[in-house]
Every structure is written in C-alpha cells, then in structure tokens.
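The structure appears below as structure tokens.
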Amino acid sequence: MKLKLKSSLALLMVFVAVLPASIIGGLLIKQQTEVETNYRIDLIERLSTTLAQEFNYRFYLLSTALDVLSRDRLLVQGIDDFFLTSHVDATLANLVDNTPLAQAAYLVDANWDEVENYNGINGVKSFSSLKTLLSKSVGTSKSTGNQWVFNYGDEHLMPDKFNPSHKGVAIGVPIYQSTLTEGLKRKPLGYLIVIVPVENIVKVLRPYLKDGEHVIFHHNGMDNIAVYKGKLDPLMPTVSKTAEVTIDNKYIAEPMSYEAQVFMNKYLGENPFTNSLKILTIVAIIVIMFTLLTATISYRWFAKPLTYLMDSVRGCLGGNYNILDKDLRFSELIMVNNLIQKMSTTIKAQLSDLEDKNVKLMTFNDQLEQKVHEKTLELTHSLQREEKRRTMLQSLLLFSNKLQHGDIHSTVMTQLVSLYPYSGWGMQLFINKNTNWFSEGLSNINLDSIDADAHCSDYFRINSGDKVLQCFKIVDTHGVLLGIIVMEHPNIARDDYEIISLFIRQLSAELEGRLLNEELERSAITDPLTGLSNRKAFDVDLDEWIKIAHRYPEQYFGLFMIDVNGLKQANDEYGHHMGDQLLIETGRLIQSVCRSTDKVYRLGGDEYAIIIKGGDNVGCDKLTLRLQQLVIDKHYARLASGEKVAIHFAMGCASTENIDARALYQVADKAMYLDKKAYYEQIGKMPR
C-alpha cells in the first residue's frame with residue numbers, strides 16, 4: 001500500500017510540474033516564432049526602401065552634375081572649336097571619375113557626329129535608336145526638365161571590359177548655345193550622352209545586401225538587372241517584396257520606373273513547433289487523465305495532506321510565505337512541506353534583494369533614457385546642420401553659373417539673402433570705378449564708415465551702435481583688395497563661417513577673372529605706345545559704322561586719314577626715342593581738338609585715323625580747320641636733352657553725306673596722300 005501511495009504521489013507531482021511548464025513553453029515558443037516572422041518582414045521592407053532611395057539618390061547626383069555641365073561655356077564652344085577638345089575631354093573625365101554610376105560619356109554635335117568621348121568607343125555606331133528617341137523627345141517635350149533617360153540593350157556603347165553585358169541606362173542632355181526664355185523652342189547645338197552600364201548599378205547597390213539577399217529590376221523592353229551577394233540556395237524558402245523604383249528628379253523630363261523584386265533566404269512558413277506542441281498537448285492530456293484516475297483511487301490516502309500542501313503553495317503564489325507546521329501522514333509529504341518552508345524563506349530574501357535591485361534598475365533606466373534623449377537631440381541637430389550645409393553648397397554651385405551670366409551686384413545680393421534671409425547684407429566692390437555700397441536689410445547703419453584697409457585680417461568684426469557687423473574682405477590671389485561684404489549678425493557658427501568664406505572665394509575668383517578679361521580685351525585693341533585704339537579696333541568700328549550707314553542713310557559719319565611728316569628723318573637724326581616722342585605728341589594733339597564723340601586711332605607706323613560721329617561735310621570741314629591750326633601753331637616733340645622736332649602731318653577726309661560708306665576709306669586715304677605729296681613738293685623733297 002505504501003508503494004502504491006508513493007507511485008500515485010509521483011504521478012501527481014509529474015502532473016503538477018510538467019503540464020504548466022509544457023503549456024507555457026509552447027506558448028512562449030509560438031510567440032517567439034511570431035516575433036521572428038514580423039522581424040523578417042520588417043527587415044525586407046526596410047531593405048526595399050533603402051535600395052529604392054539609394055537608386056534614385058545616385059541618379060539625382062548624376063543629374064545634378066549633368067545640369068551644371070550642360071551650361072559650361074567651354075563645353076558649348078568645344079562642339080564647334082577643335083582646339084577646345086582637351087577641355088571637353090578633361091570635363092568628361094572629371095564627370096565619369098567622380099560619379100560612381102557613370103562609366104562613359106560622349107559629346108556629339110547636332111548632326112550626331114562625335115566631338116569627344118571618355119571611356120567610349122571612337123566612331124561608335126550604336127546611337128541610331130537613341131538619336132531618334134532623344135531628338136523626338138527634345139523636340140516635343142513640354143516639361144521643365146532637360147534630361148532624358150533611356151534603356152539600352154545589346155548595344156556596343158563602350159569597351160567590353162566596362163560593359164560586357166551590353167545593356168544599361170543612357171542619359172541624354174541637349175546642349176544649347178545660350179540660355180533663352182523658358183518655354184521658347186530652340187534647336188540644340190549638340191548632346192551630352194552619359195552611359196550607365198548595368199555593372200555600375202550592381203556595384204553601387206551590392207554593398208547594401210547581405211549573403212543570401214538579391215534584388216531583380218524589371219523594365220519593359222529590357223533584360224532583368226540582377227544584384228546579389230553571396231551564394232543563392234534555390235532550395236531554401238525565400239521572402240520577397242515587390243516595390244516600384246523610379247528615376248525621377250527635377251532635372252529628368254520623363255521619369256522611368258522599374259519594378260524591383262527583393263528576395264531574402266529566410267524561412268517564414270508554418271510554425272515549426274506547432275506539431276510538437278500538439279504532441280505535447282496530447283501527452284499532457286493522457287497524463288492528466290491517468291493522474292485523475294490514480295487520484296480517485298488513492299484520494300483517501302493523501303488527499304488531505306496534499307490539500308494542505310496545495311494551500312501552502314497557493315499562499316506562496318499569493319505572497320504569503322508564512323508556512324505553518326502541521327502533522328502529515330507520509331514522510332515524503334513531510335519532506336515536501338519542509339522544502340516549501342525553506343523555499344518560502346529563500347523567496348523572502350530574494351524578493352527583498354530584488355526590490356533593492358529594481359530600485360537601482362529604475363534609476364539606471366531613467367539615466368539611460370535621459371542620455372538617449374540627449375544623444376537623439378544632438379544627432380537631430382547634427383543632421384539638420386548637414387542638410388542645411390548640403391543645401392547651401394548646392395546653392396553655391398548654381399551661384400557660380402549665375403555669376404558668369406548676370407549682373408554681379410544683383411546676383412551676389414540675391415544669393416546672400418537666399419543663404420541667410422534673416423540677416424542684413426551690404427557689399428562694396430572696387431572695380432569699374434564704382435565704389436557705391438549695395439545693401440539689403442540694413443537700416444540706420446553708416447557703411448561708409450567701414451575702413452577695410454585699417455584691418456590686417458580678411459575677416460573682422462565691428463560694432464555699429466547696438467548691432468554687430470561681420471566683415472569679410474574680397475581679396476584676389478595677389479592680395480589686392482577687390483571689395484568687402486558686411487553681414488549684420490551678432491555671431492556666426494563655424495559652419496556658417498566656412499560657407500561664407502567659400503562664397504567669398506568664388507566671388508573673388510569671378511571678379512579677378514573679369515578684371516583680367518577686361519585688361520586683355522583692352523590690351524588687344526589699344527596701341528601700347530600712344531594709348532590710342534589700334535588698327536584692330538579701327539577695323540571693327542569702321543565695319544560697324546558702315547553697317548549703320550547702310551541701315552540708316554541719314555546718319556552721316558566722317559573719316560579722317562592722317563600721316564605724320566618727317567618721322568623717318570627724326571629717327572635718322574635723333575634716334576628712335578625722338579620718333580616715339582613724335583608719335584606720342586602727334587596723337588595727343590590730334591585728340592585734343594576732337595570732340596568726346598569722335599574716336600582717334602593709331603593704325604600703325606606714322607598713320608592715324610579719326611571716325612567722326614554725325615560727320616557731315618560741315619562737321620568734317622570744322623575738324624579740318626582745327627587740325628590745320630595745329631600745324632600752323634608749330635607744336636614740337638621734345639626729348640629730355642632739349643632736342644626738338646616740329647610736328648607736321650598730312651590729312652585727308654571724306655563724309656558719307658556724298659561718299660558711299662564702303663568707299664570712304666579709299667577716298668580719305670587718297671586725299672591724305674595728295675596732301676602729303678603737296679607738302680613735300682612745297683619743301684622740295686621727296687615723300688619719305
């Protein structure tokens with residue numbers, strides 16, 4: 001009987017211990033499986049979103065670079081000028097080498113004849129279909145974008161080592177002679193074609209994949225683009241997600257979409273523990289039934305002691321760990337009771353210790369939450385600064401192009417206000433003899449009191465009343481002060497200082513380039529000895545006046561041809577210094593009797609010319625008298641040693657009032673030679 005009681009008690013203990021543990025374990029396993037499933041689904045959602053964003057962002061960077069290049073003046077000139085192909089090659093190389101997606105670039109003219117290429121194939125013949133598509137799109141487009149995207153397949157657009165698959169994406173950008181009013185139809189001067197092979201798309205997207213993950217891009221009329229990492233197991237179940245990826249930004253005229261299907265080798269089928277849970281449940285039911293049967297038979301032997309033990313257990317579960325001593329019938333039950341008492345004592349101590357640790361844990365969680373909040377705010381501010389910095393840098397890229405084509409004062413002030421709209425701005429440039437201040441948002445501030453030369457540094461601060469002015473000098477590469485920009489702001493951060501400094505360097509480079517160009521242009525049309533306009537300027541101006549005379553016959557102009565007498569004799573007797581002084585003084589005297597609207601030229605040697613605006617016969621006669629009076633008054637060219645030579649010259653003139661403009665030069669020149677001949681006959685010498 002005692003053995004039977006022990007057996008029944010053992011079965012009851014199995015029932016009490018195994019059944020709850022089995023049920024709870026199965027439920028936990030099921031919950032864990034569901035959590036894992038949701039995690040994998042969320043993982044593929046994020047992977048799909050990341051790939052779509054990266055795909056579009058890479059094409060956006062390429063479109064931004066193409067938009068800047070399409071307005072490059074030297075690139076436009078390179079289409080017609082063979083000598084600029086080196087610049088075109090360097091520009092295409094810089095574009096391809098600094099843009100991960102691009103692998104080759106072509107510049108073609110309006111007839112689709114190749115001008116230059118980089119990483120391409122000289123004389124490529126695969127542009128026939130692209131030529132038709134791009135020309136039609138540009139001719140019929142009504143959108144504001146100026147870039148067209150096309151797929152190509154089985155076309156040989158670059159060497160096989162770059163594009164063995166012979167497929168990818170081509171971007172076409174029309175190149176125009178100059179910027180016209182938006183919406184006005186015009187014919188492109190040529191096209192810039194950039195080739196993005198499939199291999200580069202795979203190279204850019206592959207770092208975002210892990211082993212067992214791959215993505216396939218589908219598009220009408222093109223083979224699938226497959227990007228994968230690691231080895232693919234065709235027998236392992238996969239999770240897939242289909243998303244639409246679009247090449248679309250403000251530069252693209254017609255967006256192009258792909259259907260991207262993302263795969264992950266992760267098992268998400270039926271719960272693998274469901275069958276085990278079913279089997280465990282059946283076994284538990286059998287155990288329960290057997291235990292109930294045994295309990296019914298042996299109830300009289302251990303029901304009451306067991307009830308007491310159960311009450312003790314319930315008390316422990318309810319938080320009552322005061323277990324009373326009571327006489328039990330069986331030694332085994334007595335041992336269980338003692339064990340429960342010891343467990344209750346241990347649990348009391350553990351609860352006390354757990355309460356202390358829980359207080360510490362709550363304090364730690366509060367501190368951790370505070371640190372996470374601070375780091376989140378810091379990261380948010382950092383991201384905002386980076387986004388602002390990127391926006392400003394993009395704006396500065398556009399500013400460089402605007403600066404080359406627009407009025408420098410209005411362009412600079414507009415750019416400054418757009419960068420920092422809540423600050424006041426002032427600018428003074430020391431070029432073209434215009435030192436006026438231009439300001440925006442500044443009031444009650446005397447900008448004329450700012451003396452840039454009084455400060456050694458290129459950046460300084462001054463106080464104007466209750467306002468703080470941040471001052472930036474505009475200095476060229478030789479340290480020459482070109483101007484100053486003033487910002488009304490109490491303080492500027494380091495990032496803002498760097499952006500403004502970059503802006504100042506861009507502006508300095510443009511100002512220095514303009515001054516250099518002006519000096520080169522002036523030197524090209526100026527005689528270095530006399531400072532008068534030279535033969536090149538005379539030819540251009542005379543052609544312009546001839547055109548005006550043909551268009552408006554009533555607007556007369558006159559032409560004087562003048563030749564210095566005795567220049568060779570002065571050189572022979574006194575040296576070339578006297579000859580140079582004779583030419584200088586003659587040019588000065590001629591210009592002294594001309595009106596401000598008349599223009600004097602030194603054609604070379606001892607020849608001068610004068611073009612008279614409104615030069616009818618009466619006007620030409622008046623200037624003739626003034627020039628003759630110069631000869632009569634006896635002016636001299638002198639050297640520092642005291643030697644002197646009389647200034648004398650022959651002249652001839654003609655007016656469009658009675659002479660055709662195209663014959664004016666010959667008539668005036670012939671009259672001058674007759675006057676020169678008469679002078680030498682008068683003095684009894686041969687003309688020299």
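- A salt bridge is defined here as a Lys NZ or Arg NE, NH1 or NH2 lying under 4.0 Å from an Asp or Glu carboxylate O, and Asp539 with Arg535 meets this definition.
- Between the CD atom of Gln103 and the CZ atom of Phe162 there is a distance of 5.0 Å, given to the nearest 0.5 Å.
- Inter-residue side-chain proximity for Phe150 and Met256 is flagged as unmet; no heavy-atom pair is nearer than 4.5 Å.
- In terms of modelled atom types and a separation under 3.5 Å, the side chain of Gln147 and the main chain of Ser63 share a donor-acceptor contact.
- Side chain of Arg58 to backbone of Ile201: no donor-acceptor contact under 3.5 angstrom is found.
- Ring pair Phe472/Tyr497 is tilted by interplanar angle, where 30° to 60° counts as tilted.
- The backbone N or O of Leu101 sits nowhere less than 3.5 Å from a side-chain atom of Thr99 that would complete a donor-acceptor pair.
- Nearest heavy-atom pair, Asn119 versus Ala104, reported as atom, atom and distance to 0.1 Å: O-CB, 3.5 Å.
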Requested in this report: For side-chain contact (heavy atoms from CB on, under 4.5 Å), just list the numbers for Trp437 and Ile445, CA-CA rounded to whole Å, side-chain angles, deciding distance to a tenth of an Å, and then say yes or no.
Outcome: CA-CA 12 Å; Trp437 280 93; Ile445 295 178; over 6 Å; no

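- Counted within 6.0 Å of CZ on Arg46, heavy atoms from surrounding residues, nucleotides or ligands total more than 12; the atom is thus considered enclosed.
- The line from CE of Met427 to CG of Leu507 is 7.0 Å long, rounded to the nearest 0.5 Å.
- Taking the six-membered ring for Trp and thresholds of 30 and 60 degrees, Phe538 and Tyr665 have ring planes inclined between 30 and 60 degrees apart.
- Contact of the Asn151 side chain with the Tyr258 side chain is registered, since non-hydrogen atoms from C-beta on lie closer than 4.5 Å.
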Requested in this report: Kindly determine whether Asn200 and Lys203 satisfy side-chain contact (heavy atoms from CB on, under 4.5 Å), including the steps that lead there.
Outcome: CA-CA 5 Å; Asn200 281 24; Lys203 186 187 302 182; 4.3 Å; yes

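- Rounding to the nearest 0.5 Å gives a distance of 6.0 Å between CD1 of Ile171 and CG of Leu66.
- We find the CD1-CG distance between Ile175 and Asn146 to be 8.5 Å, quoted to the nearest 0.5 Å.
- Looking at heavy atoms from C-beta onward, Met487 lies in side-chain contact with Trp425 at the 4.5 angstrom threshold.
- Looking at heavy atoms from C-beta onward, Ile548 lies out of side-chain contact with Phe557 at the 4.5 angstrom threshold.
- For the atom pair CE of Met158 and CD1 of Ile195, the computed distance is 5.5 Å after rounding to the nearest 0.5 Å.
- Within the 4.5 Å cutoff, the side chain of Tyr191 has no heavy atoms near those of the Ser70 side chain.
- The backbone N or O of Lys167 lies less than 3.5 Å from a partner atom in the side chain of Asn163, making a donor-acceptor pair.
- In the model, Asp527 has no side-chain atom that pairs as donor or acceptor with a side-chain atom of Tyr608 under 3.5 Å.
- A distance of 11.0 Å separates NE2 of His489 from CZ of Arg461, quoted to the nearest 0.5 Å.
- With hydrogens and angles ignored, the 3.5 Å screen pairs no side-chain donor or acceptor of Asp248 with any backbone N or O of Pro255.
- Residues Arg602 and Leu532 approach most closely at N-CB, 4.2 Å, considering heavy atoms.
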Requested in this report: Could you walk me through whether Ile79 and Leu107 pass the side-chain contact (heavy atoms from CB on, under 4.5 Å) test, one step at a time?
Outcome: CA-CA 8 Å; Ile79 295 178; Leu107 181 65; 3.9 Å; yes

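- Nearest heavy atom pair, residue Ile450 against residue Ile484, reads CG2-CD1, 3.9 Å.
- Applying the salt bridge (Lys or Arg N to Asp or Glu O under 4.0 Å) test to every pair with at least one member in residues 474-492, sequence neighbours left out, gives these pairs: Lys467-Glu488.
- When all heavy atoms of Lys250 and Tyr60 are compared, the closest pair comes out as CE-OH, 4.5 Å.
- At a threshold of 4.5 Å between non-hydrogen side-chain atoms, the residues Ile485 and Phe503 count as touching.
- In this structure a side-chain-to-backbone donor-acceptor pair under 3.5 Å is missing from Lys187 to Ala110.
- Applying the side-chain contact (heavy atoms from CB on, under 4.5 Å) test between Tyr118 and each of Val96, Leu95, Val88 identifies Val96 as the sole match.
- Using modelled atom types and a 3.5 Å distance limit, the side chains of Tyr420 and Asp496 yield a donor-acceptor pair.
- Between Glu498 and Arg494 there is a salt bridge, since a side-chain N of the basic residue sits under 4.0 Å from a carboxylate O of the acidic one.
- Smallest separation of non-hydrogen atoms from Ser533 and Ala537: CB-CB, 3.9 Å.
- Few gaps surround CD on Gln555; more than 12 heavy atoms of other groups in view lie less than 6.0 Å from it.
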Requested in this report: Output, in order, the C-alpha distance, side-chain angles, deciding distance and verdict of side-chain hydrogen bond (donor to acceptor under 3.5 Å, both in side chains) for Asp541 and Tyr601.
Outcome: CA-CA 10 Å; Asp541 290 347; Tyr601 307 85; 2.6 Å; yes

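- Put simply, the side chain of Lys473 gets close to the backbone of Ala452: a donor and an acceptor are under 3.5 Å apart.
- Applying the side chain to side chain contact (heavy atoms under 4.5 Å, CB included) rule to Glu554 yields the partners Tyr552; only residues at least two apart in sequence or on another chain are considered.
- Looking at Asn117, its side chain never comes within 3.5 Å of a backbone N or O of Tyr106 through a donor-acceptor pair.
- Minimum interatomic distance between Ile193 and Trp112 (heavy atoms only, all atoms of both residues): CD1-CH2, 4.0 Å.
- Counting only residues at least two apart or in different chains, salt bridge (Lys or Arg N to Asp or Glu O under 4.0 Å) contacts with residues 88-110 are absent.
- Taking the side chain as every heavy atom from C-beta outward, Leu192 and Leu92 approach each other to under 4.5 Å.
- Residues Val76 and Leu189 meet the side-chain proximity criterion, which asks for heavy atoms closer than 4.5 Å.
- Of the possible polar contacts, none joining the Ser508 side chain to the Arg505 backbone as a donor-acceptor pair under 3.5 Å is found.
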Query raised in the report: Between Ile474 and Phe430, is a side-chain contact (heavy atoms from CB on, under 4.5 Å) present by the stated rule, with each step listed?
Result: CA-CA 10 Å; Ile474 307 173; Phe430 305 135; over 6 Å; no

